[in-house]
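Here is the structure we will look at.
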Amino acid sequence: MRKFCLFVSSGFGLGLVAPFAPGTFGSIPGVILAYGAAALAVPLQILSALGFAFLAVPFCDIAERELGIKDDGRITADEWMLYPISFIGIPLLELPWWSMIVFFCVVRAVDIIKPWPCRGLQSIPGGLGIVIDDFVANIYSLGINWAIYWYFFHV
């Protein structure tokens, strides 16, 4: 069971095999999740995003114990399972495919920069500490992605 949790927590292995930027490669399953969530009504998008966020905590907790390193970069469930938060209400299915590249870059940049209070939240122990900073970062990304959507894509 621990190996399965590590597999899921590493973005189905992408975070384990990436030669560099494991968080970026491990975020790729989140793109699929975001497109799937985009087909839902907004209240269901919110519920599913919260559900995946809560589910990410035990996965990340087990993976951290298995790897033995606090918030190991190979643990990417905090990226991919929380990725749909950054798109709540944005009609992804109606946008050009390349818009996801722009949004993806925003999400990754915010996750890497970790604006206040994200960086400090990482000090919380276990899976909650791994997930909570990304939860807040994805809220920031949601705001930025909405601004991009309204400015460049909204008709």
Side-chain angles (χ1 to χ4, degrees), residues 1-2 4-16 18 21-64 71 74-119 121-122 124 126-155:
M1 186 61 162
R2 290 188 320 240
F4 172 74
C5 287
L6 182 58
F7 180 68
V8 171
S9 295
S10 66
F12 304 100
L14 292 171
L16 296 173
T24 299
F25 285 99
S27 295
I28 293 170
V31 173
I32 297 164
L33 203 55
Y35 275 112
L40 303 172
V42 174
L44 291 176
Q45 288 180 30
I46 294 167
L47 284 175
S48 67
L50 290 174
F52 274 105
F54 284 115
L55 189 59
V57 173
F59 274 103
C60 290
D61 193 61
I62 292 167
E64 183 176 72
D71 202 357
R74 297 172 290 179
I75 301 171
T76 62
D78 51 329
E79 276 89 23
W80 75 265
M81 292 179 88
L82 278 68
Y83 194 74
I85 294 169
S86 297
F87 303 97
I88 293 172
I90 296 174
L92 289 177
L93 302 175
E94 299 170 13
L95 299 178
W97 66 268
W98 55 266
S99 65
M100 181 53 82
I101 295 170
V102 174
F103 295 139
F104 186 86
C105 289
V106 167
V107 175
R108 293 305 305 140
V110 173
D111 183 49
I112 291 165
I113 294 168
K114 298 219 181 295
W116 183 89
C118 299
R119 192 165 308 281
L121 292 171
Q122 287 181 305
I124 297 171
L128 182 60
I130 295 172
V131 171
I132 192 129
D133 69 301
D134 287 276
F135 184 86
V136 175
N138 276 286
I139 299 296
Y140 281 119
S141 296
L142 175 62
I144 296 167
N145 285 341
W146 260 102
I148 291 169
Y149 167 71
W150 274 94
Y151 188 77
F152 291 105
F153 300 108
H154 187 62
V155 246

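Throughout, numbering of the chain's residues begins at 1 and tracks the sequence. Just so it is clear, the model here is predicted, and its values are computed rather than measured.
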* Using the six-membered ring wherever Trp is involved, compare the ring planes of W150 and H154 and label them parallel, tilted or perpendicular (cut-offs 30° and 60°). =>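 Rings of W150 and H154: tilted, as their planes differ by 30° to 60°.
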* For L14 and T76, run side-chain contact (heavy atoms from CB on, under 4.5 Å): C-alpha distance rounded to whole Å, both residues' side-chain angles, the deciding distance at 0.1 Å, then the answer. => CA-CA 8 Å; L14 292 171; T76 62; 6.0 Å; no
Min side-chain heavy-atom separation [X]-[Y] under 4.5 Å:
X    : Y   : answer
L50  : I46 : yes
Y149 : P91 : yes
V107 : F87 : yes

If I take atom [atom1] from residue [X] and atom [atom2] from residue [Y], how far apart are they, to the nearest 0.5 angstrom?
X    : Y    : atom1 : atom2 : value
I85  : L33  : CD1   : CG    : 10.0 Å
I132 : I124 : CD1   : CD1   : 5.0 Å
Q122 : I130 : CD    : CD1   : 9.5 Å
I139 : I88  : CD1   : CD1   : 6.5 Å
K114 : D133 : NZ    : CG    : 4.0 Å
I90  : L95  : CD1   : CG    : 8.0 Å

So which heavy atom on [X] is nearest to which on [Y], and how close?
X    : Y    : value
N145 : S86  : ND2-O, 3.2 Å
V110 : A137 : CG1-O, 3.4 Å
G126 : D61  : CA-OD1, 3.4 Å
A77  : V8   : CB-O, 4.4 Å
C118 : V136 : SG-CG1, 3.7 Å
D134 : L82  : C-CD2, 3.8 Å

Does [Y] offer a backbone N or O that forms a donor-acceptor pair with the side chain of [X] under 3.5 Å?
X    : Y    : result
E79  : T24  : no
R119 : I113 : yes
S9   : A63  : no
W80  : I32  : no

* State whether the number of non-hydrogen atoms from other residues, nucleotides or ligands found under 6.0 Å of F52 atom CZ is greater than 12. =>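 No, not enclosed.
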* Asked: Got a sec: does the OH of Y35 have more than 12 other heavy atoms crowding it under 6.0 Å?
  ->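 Yes - once you tally the heavy atoms of other residues, nucleotides and ligands closer than 6.0 Å, there are more than 12.
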* Of the options F103, F104, F152, F153, which is the one that meets W98 in a ring-ring contact (aromatic ring centres under 6.0 Å, His included)? ->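 So the option named by the test is F153.
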* **Trace of the side-chain contact (heavy atoms from CB on, under 4.5 Å) decision for F7 with F59** => CA-CA 9 Å; F7 180 68; F59 274 103; over 6 Å; no
* **For S10, all residues meeting side chain to side chain donor-acceptor pair (under 3.5 Å), sequence neighbours excluded** =>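 Listed in chain order: nothing, the list is empty.
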